[in-house]
Amino acid sequence: MQQRFTPATTLALAITLVCWASAFAGIRAGLEAYSPGHLALLRFLVASAALVPLAAYFRLPLPRLADVPHILLHGFLGYFGYHVCLNIGEQTVSAGSACFIIGFIPVFSVLLAALLLAEPLTRRVLAGIGVSVCGIGLIAWAEGGGAAFDTGALWVLAAALSESLFFVLQKPKLDVYRAVHYTIYAMWGGTLPMLLFLPGLGEAVAAAPAPATWAVVYLGIFPSAIAYATWTFAISRLPVGKVIVTQYAMPLMTVAIAWVWLGELPAPMAFAGGLLALLGVFVGTRPPKRPPRRAESAHSP
């Protein structure tokens, strides 16, 4: 494994971060014409089709029959649960604020790993969780206009919890399957329950303005398919710690992209809460002095 950034790995990470950061604005754009369910289904029909060439390139084998129930459960959590909840939340929560809340995933994952996998839970992690919760509370208060908590923030937080469960529960399977293989299995498995939203999708596409539809197509191709390929390329050539730390830049990138794309900025209190939540994530997930354990997952919108 390489230890230093090269032009190729730097470009791969840049593509990944821009695609993932832009997804929050893309969701807001798509929600102007699509319901949360229709947006999720159309996005992942596009993404599932876009992954076919990637599956062919990696010569994707069939999963073991005994693992199919796990794949379906993990796909439900990581794709259906995460994206449907995120879409519902972004109906009222700004793109930048949503990204700050989703940034809580690493802390959730550490907490769930302690509960489900008996991994150690340190005071530093608990302190980080406390700081992040305060920041998320500020975001919810600000997005509610300073008069009440915006329940959309709770839906985004539910999305973060669902994605964290996906990361933690899939961990044993990553010792058996290559990360790229298992992610394709899970994405296809998570798309299946989205067919629940199929009724009315054709009519929604026909009625939607072109910019909203192209935003959803963009979400399916770039943040959902291409960004994962570039992420896998980078993570396979660099230490995980060096790659994960780049994601701290993503919320600020999301704010900038949403401002350019949608003319949208989070309220000042929401932005301050986002920075506080980001500080909590940094405190809670800062690697120990000893080399960190291998991991291959990262959150994506």
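A quick note: this is a predicted structure, and the numbers were derived from the prediction, not measured.
Looking at every heavy atom in both residues, W20 comes nearest to P223 through NE1-O, 3.0 Å. When all heavy atoms of A33 and A212 are compared, the closest pair comes out as CB-CB, 3.6 Å. T254 and C99 make their closest contact through OG1-SG, 3.3 Å (heavy atoms, listed as atom of the first residue, atom of the second, distance). Across every non-hydrogen atom of P69 and L65, the tightest pair is CD-O, 3.7 Å.
The list of side-chain hydrogen bond (donor to acceptor under 3.5 Å, both in side chains) pairs with a residue in residues 188-205, not counting sequence neighbours, reads S48-T191.
In terms of modelled atom types and a separation under 3.5 Å, the side chain of R28 and the main chain of V93 share a donor-acceptor contact. No donor-acceptor pair closer than 3.5 Å links the side chain of S94 to the backbone N or O of L265. One N or O on the side chain of S35 and one on the backbone of H38 form a donor-acceptor pair closer than 3.5 Å. Using modelled atom types, no side-chain atom of Q91 and backbone atom of G152 make a donor-acceptor pair closer than 3.5 Å.
Taking the ring centroids of F76 and F166, they lie at or beyond the 6.0 Å cut-off. The aromatic ring centres of F80 and F44 sit 6.0 Å or more apart.
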Please step through side-chain contact (heavy atoms from CB on, under 4.5 Å) for the pair M194 and Y79, ending with a clear verdict. CA-CA 9 Å; M194 292 182 191; Y79 295 93; 4.2 Å; yes
Verdict with supporting geometry, Y218 and V46, side-chain contact (heavy atoms from CB on, under 4.5 Å): CA-CA 9 Å; Y218 169 84; V46 173; over 6 Å; no
Between L17 and M253, is the side-chain contact (heavy atoms from CB on, under 4.5 Å) condition met? List the steps. CA-CA 8 Å; L17 292 177; M253 293 173 65; 4.0 Å; yes
Would Y34 and V205 count as a side-chain contact (heavy atoms from CB on, under 4.5 Å) if you check the C-alpha gap in whole Å, the side-chain angles of each, and the deciding distance to 0.1 Å? CA-CA 8 Å; Y34 291 95; V205 173; 3.8 Å; yes
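In the model, Y185 has no side-chain atom that pairs as donor or acceptor with a side-chain atom of D67 under 3.5 Å.
Around CZ of F197, the count of heavy atoms belonging to other residues, nucleotides or ligands within 6.0 Å exceeds 12. Around CH2 of W261, the count of heavy atoms belonging to other residues, nucleotides or ligands within 6.0 Å exceeds 12.
Taken to the nearest 0.5 Å, the CZ atom of R43 stands 12.5 Å off from the CG atom of L45.
In this structure, L13 and T230 have side chains that are not in contact, with every pair of non-hydrogen atoms separated by 4.5 Å or more. Within the 4.5 Å cutoff, side-chain heavy atoms of L219 are placed close to those of L39. No side-chain heavy atom of L11 sits less than 4.5 Å from a side-chain heavy atom of T6.
Cluster annotation: Y177 and Y57 are assigned to the same hydrophobic cluster (Ile/Leu/Val/Met/Phe/Trp/Tyr, side-chain heavy-atom contacts under 4.5 Å, transitive).
Checked against H74 for a side-chain contact (heavy atoms from CB on, under 4.5 Å), the options L169, T183, L165 give a single hit: L169.
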